[in-house]
Engineer: 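Following this message is one structure expressed as C-alpha cells.
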Amino acid sequence: MKYIREARFGQPGTLKTRNAVGTYPQPLLDLSFDMNGWSSLSEPVSVITAEQLLKDLASKTPPAPITVVDFFSTGPFVLTELYVPTGDELTFGSFCRVVNALYKNCPFKTVVVDTITGLSDSIYNHQAAKNSAALADARKWAGNIGSKIGQIIDVLHKVQAHTVCIFHSEVDKHEDTTQIRELVMVYSKLREAIANRFDQFFYAEKGGKVRTKPYGILHGVKCRWPHEIAELCNGDYTSIYVKEKFD
C-alpha cells in the first residue's frame, strides 16, 4: 500500500485545513491543536475527546467520515502572575496515547495533525510540568521540543494511513548567510531539515493553491511525487493526487 506523507506550511487564512481535512480520503481523523481549526469546513464533523477516541479504537467502533479530536480545549486555562508557561501534563500525554493506539490499529484512511505549531506549544507546556528545570536554558527546551516533534513525525509515518502535517510559517534571516527565508514555524534547528522527513512539502498560498517546488524565499518546498504536478496548483486532494494509485 502506498501512503501519502505530506506536510504543508503557510500563513493563516491560506485554506490549509479546509483542503487537507475537507478533501482527503475518509474516514479522516483531525488531531486539532488550533482553536476551532475545523470551523472552516463545510462538511459535518464529529468532535470528540482523546479518551473517547481511544475507547472507540479499542472497541473497533466504525469512525465518522470526519472525526476531530480537540486538543486545544483540554489544557488548564489558568491565568497567573508568574512569567512561566502553564504546566500541562494532560494534553500531550493524551496525544501520545492516541498516536500509539493508531500505530497498532488505524481505521482511518487519513490522519491530519493541525497544526504542528500548536502541538509544539503543547509539548512546551508539558515540559513546564514534567521538566521545568529545562526551561531555564532556551537551547535545552527548544532542542527538546524539536527532537520530540521529529520523533512524532517518524512514528506517524509508521501509521497505516495517509498522513498530513500542517505548519504555520515564519520569515527568518539566516545567521550566517543573512539570507531571508520563509520556513516552517517549529522550535530548534529541526526547521532547517524537516522537509527531509516528508515526500511532499507544500507551501500554501492565499486562495487555496499550493507551491510544489522552490520559489523565492520559500525554504524546503518539494514534491517527490506525483512527478508531473504543476509548480502552482489547487491544494485539494483530487488536484494533487488524481493520477496516483494507492491500492
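Keep in mind it's a predicted model, so treat the numbers as computed, not measured. All heavy atoms count here, side chains included; hydrogens, waters and symmetry mates do not.
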Engineer: Mind checking whether Glu205 and Arg211 have side chains closer than 4.5 Å, heavy atoms only?
Structural biologist: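 Answer yes - side chains close enough.
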
Engineer: Can you find a pair of side-chain heavy atoms, one from Phe72 and one from Thr91, that are under 4.5 Å apart?
Structural biologist: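 Phe72 vs Thr91: side chains apart.
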
Engineer: Any side-chain donor paired with an acceptor under 3.5 Å for Gln11 and Glu182?
Structural biologist: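 Yes, because at least one side-chain N or O of Gln11 sits under 3.5 Å from a partner of the opposite role on Glu182.
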
Engineer: Which atom names give the shortest non-hydrogen contact between Leu41 and Val45, and what distance separates them?
Structural biologist: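 Where Leu41 meets Val45 most closely, the heavy atoms are CD1-CG1, 3.8 Å.
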
Engineer: So Ile66 and Pro44, do their side chains get closer than 4.5 Å, heavy atoms only?
Structural biologist: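 The answer is no, as the side chains (C-beta and beyond) never meet within the 4.5 Å cut-off.
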
Engineer: Donor-acceptor check, side chain of Asn19 to backbone of Gly208, threshold 3.5 angstrom: yes or no?
Structural biologist: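 Answer holds: yes.
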
Engineer: Applying the 4.5 Å side-chain criterion to the ILVMFWY set and letting contacts propagate, would Leu15 and Ile166 be lumped into a single cluster?
Structural biologist: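 Each belongs to a different hydrophobic cluster.
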
Engineer: Evaluate the criterion side-chain contact (heavy atoms from CB on, under 4.5 Å) for residue pair Ser169 and Leu183; output intermediate values, then yes/no.
Structural biologist: CA-CA 5 Å; Ser169 66; Leu183 65 171; over 6 Å; no

Engineer: Taking side chain as C-beta onward, heavy atoms only, is Cys106 less than 4.5 Å from Val111?
Structural biologist: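 Yes; the side chains approach each other to less than 4.5 Å.
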
Engineer: Can you confirm whether or not the ring centre of Tyr24 sits under 6.0 Å from the ring centre of Tyr237?
Structural biologist: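 For Tyr24 and Tyr237, the ring centres are under 6.0 Å apart.
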
Engineer: Same cluster or not: Val221 versus Met185, using hydrophobic residues (I, L, V, M, F, W, Y) connected whenever any side-chain heavy atoms lie under 4.5 Å apart?
Structural biologist: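 No, separate clusters.
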
Engineer: Are Ile4 and Phe246 close enough, and set up right, to give a side-chain contact (heavy atoms from CB on, under 4.5 Å), and what steps lead you there?
Structural biologist: CA-CA 9 Å; Ile4 296 167; Phe246 294 105; 3.7 Å; yes

Engineer: Restricting to non-hydrogen atoms, name the atom on Thr74 and the atom on Leu90 that form the minimum distance, rounded to 0.1 Å.
Structural biologist: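 Nearest heavy atoms, Thr74 then Leu90: O-CD2, 3.7 Å.
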
Engineer: Using ring centroids (six-membered ring only for Trp), state whether Phe92 and Phe71 fall under 6.0 Å.
Structural biologist: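 Ring-ring flag for Phe71/Phe92: false, centres at least 6.0 Å apart.
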
Engineer: Take Cys165 and Phe167 through the test side-chain contact (heavy atoms from CB on, under 4.5 Å) and record every step on the way to the result.
Structural biologist: CA-CA 7 Å; Cys165 293; Phe167 299 79; 3.9 Å; yes

Engineer: For the residue pair Asn196 and Arg224, what are the closest heavy atoms and their distance?
Structural biologist: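 Closest approach of Asn196 to Arg224: O-NH2, 3.8 Å.
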
Engineer: Would you say the side-chain atoms of Gln52 and Lys55 include a donor-acceptor pair closer than 3.5 Å?
Structural biologist: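 There is no such pair (donor and acceptor under 3.5 Å, judged by atom type) between the side chains of Gln52 and Lys55.
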
Engineer: If Ile, Leu, Val, Met, Phe, Trp and Tyr residues are connected whenever their side-chain heavy atoms lie under 4.5 Å apart, and connections chain through other members, are Ile123 and Val98 in the same group?
Structural biologist: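 Yes.
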
Engineer: Test your reading of the model: is there a side-chain donor-acceptor pair from Lys222 to the backbone of Ala195, 3.5 Å cut-off?
Structural biologist: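 Yes: the side chain of Lys222 pairs with the backbone of Ala195.
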
Engineer: Should we say atom NZ of Lys109 is surrounded by more than 12 heavy atoms from elsewhere, each under 6.0 Å from it?
Structural biologist: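 No, the 6.0 Å shell around NZ holds no more than 12 heavy atoms from other groups.
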
Engineer: Is any side-chain heavy atom of Trp225 less than 4.5 Å from a side-chain heavy atom of Lys243?
Structural biologist: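 They are not in contact (no side-chain heavy atoms under 4.5 Å apart), so the answer is no.
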
Engineer: If you look at every heavy atom in Pro12 and His168, which pair is closest and at what distance?
Structural biologist: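 Where Pro12 meets His168 most closely, the heavy atoms are CG-ND1, 4.5 Å.
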
Engineer: Run Arg181 and Glu192 through salt bridge (charged side-chain N to carboxylate O under 4.0 Å, His left out) and show every step you take.
Structural biologist: CA-CA 11 Å; Arg181 306 169 299 168; Glu192 300 284 348; 2.9 Å; yes

Engineer: Any chance you could measure Thr23, atom OG1, to Asp236, atom CG, to the nearest 0.5 Å?
Structural biologist: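 Output value for this atom pair is 5.0 Å.
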
Engineer: Is any side-chain heavy atom of Leu31 closer than 4.5 Å to a side-chain heavy atom of Phe95?
Structural biologist: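 Of all side-chain heavy-atom pairs linking Phe95 with Leu31, at least one is under 4.5 Å.
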
Engineer: If you look at every heavy atom in Leu28 and Ala20, which pair is closest and at what distance?
Structural biologist: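 Heavy atoms only, the tightest pair is CD1-O, 3.6 Å.
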
Engineer: Do Thr163 and Arg5 meet the criterion of a side-chain donor-acceptor pair at a distance under 3.5 Å?
Structural biologist: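 Note: Thr163 and Arg5 side chains meet the donor-acceptor criterion.
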
Engineer: Quick check, are the ring centers of His157 and Tyr3 under 6.0 angstrom apart?
Structural biologist: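 No, the ring of His157 stays outside the 6.0 Å limit from the ring of Tyr3, centre to centre.
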
Engineer: Judged by atom type as modelled, is there a donor-acceptor pair below 3.5 Å linking the side chain of Thr14 to the main-chain atoms of Gly10?
Structural biologist: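 Between the backbone of Gly10 and the side chain of Thr14 there is no qualifying donor-acceptor contact (under 3.5 Å).
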
Engineer: Hey, could you give me the CG/OG1 distance between Leu54 and Thr49, rounded to the nearest 0.5 Å?
Structural biologist: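 Going from CG on Leu54 over to OG1 on Thr49, the span is 8.0 Å.
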
Engineer: Do Thr115 and Asp34 have side-chain atoms, one donor and one acceptor, less than 3.5 Å apart?
Structural biologist: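 A pair is found: one side chain offers a donor N or O, the other an acceptor, under 3.5 Å apart.
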
Engineer: Just by modelled atom types, is the Ser40 backbone N or O under 3.5 Å from a matching donor or acceptor in the Arg18 side chain?
Structural biologist: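 Side chain of Arg18 to backbone of Ser40: a pair is present.
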
Engineer: Examine distances only and state if a side-chain atom of Gln160 and a backbone atom of Lys158 form a donor-acceptor pair shorter than 3.5 Å.
Structural biologist: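 Yes.
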
Engineer: Parallel, tilted or perpendicular: which describes the rings of Phe201 and Phe9, with under 30° parallel and over 60° perpendicular?
Structural biologist: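 The arrangement is tilted - the two ring planes meet at 30° to 60°.
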
Engineer: Which heavy atom of Asn36 sits nearest a heavy atom of Ser39, and at what distance?
Structural biologist: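 Closest approach of Asn36 to Ser39: O-OG, 2.7 Å.
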
Engineer: Is Ile48 reachable from Val113 through a run of hydrophobic residues whose side-chain heavy atoms are each under 4.5 Å from the next?
Structural biologist: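 Yes, Val113 connects to Ile48 through the hydrophobic network.
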
Engineer: Does any non-hydrogen side-chain atom of Phe202 lie less than 4.5 Å from one of Val164?
Structural biologist: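 Val164 vs Phe202: side chains apart.
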
Engineer: After noting the C-alpha distance and the side-chain angles of Leu57 and Leu53, does the key distance pass the side-chain contact (heavy atoms from CB on, under 4.5 Å) rule?
Structural biologist: CA-CA 6 Å; Leu57 291 174; Leu53 176 62; 4.1 Å; yes

Engineer: Taking atom types as modelled and ignoring hydrogens, do the side chains of Asp114 and Thr17 form a donor-acceptor contact shorter than 3.5 angstrom?
Structural biologist: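 Asp114 vs Thr17: donor-acceptor pair found between side chains.
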
Engineer: So, does Ser147 use its side chain to make a donor-acceptor pair with the main chain of Asn144 at under 3.5 Å?
Structural biologist: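 Not a single qualifying donor-acceptor pair exists.
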
Engineer: Grouping I, L, V, M, F, W and Y whenever their side-chain heavy atoms are under 4.5 Å apart, do Val155 and Leu102 come out in a common cluster?
Structural biologist: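 Both belong to a single hydrophobic cluster.
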
Engineer: Can you tell if the side chain of Pro65 reaches within under 4.5 Å of the side chain of Pro27, non-hydrogen atoms only?
Structural biologist: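 With C-beta onward as the side chain, the pair stays apart.
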
Engineer: Which residues pass the ring pair (Phe, Tyr, Trp, His ring centres under 6.0 Å) test with Phe108, not counting sequence neighbours?
Structural biologist: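 Applying ring pair (Phe, Tyr, Trp, His ring centres under 6.0 Å) to Phe108 gives none.
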
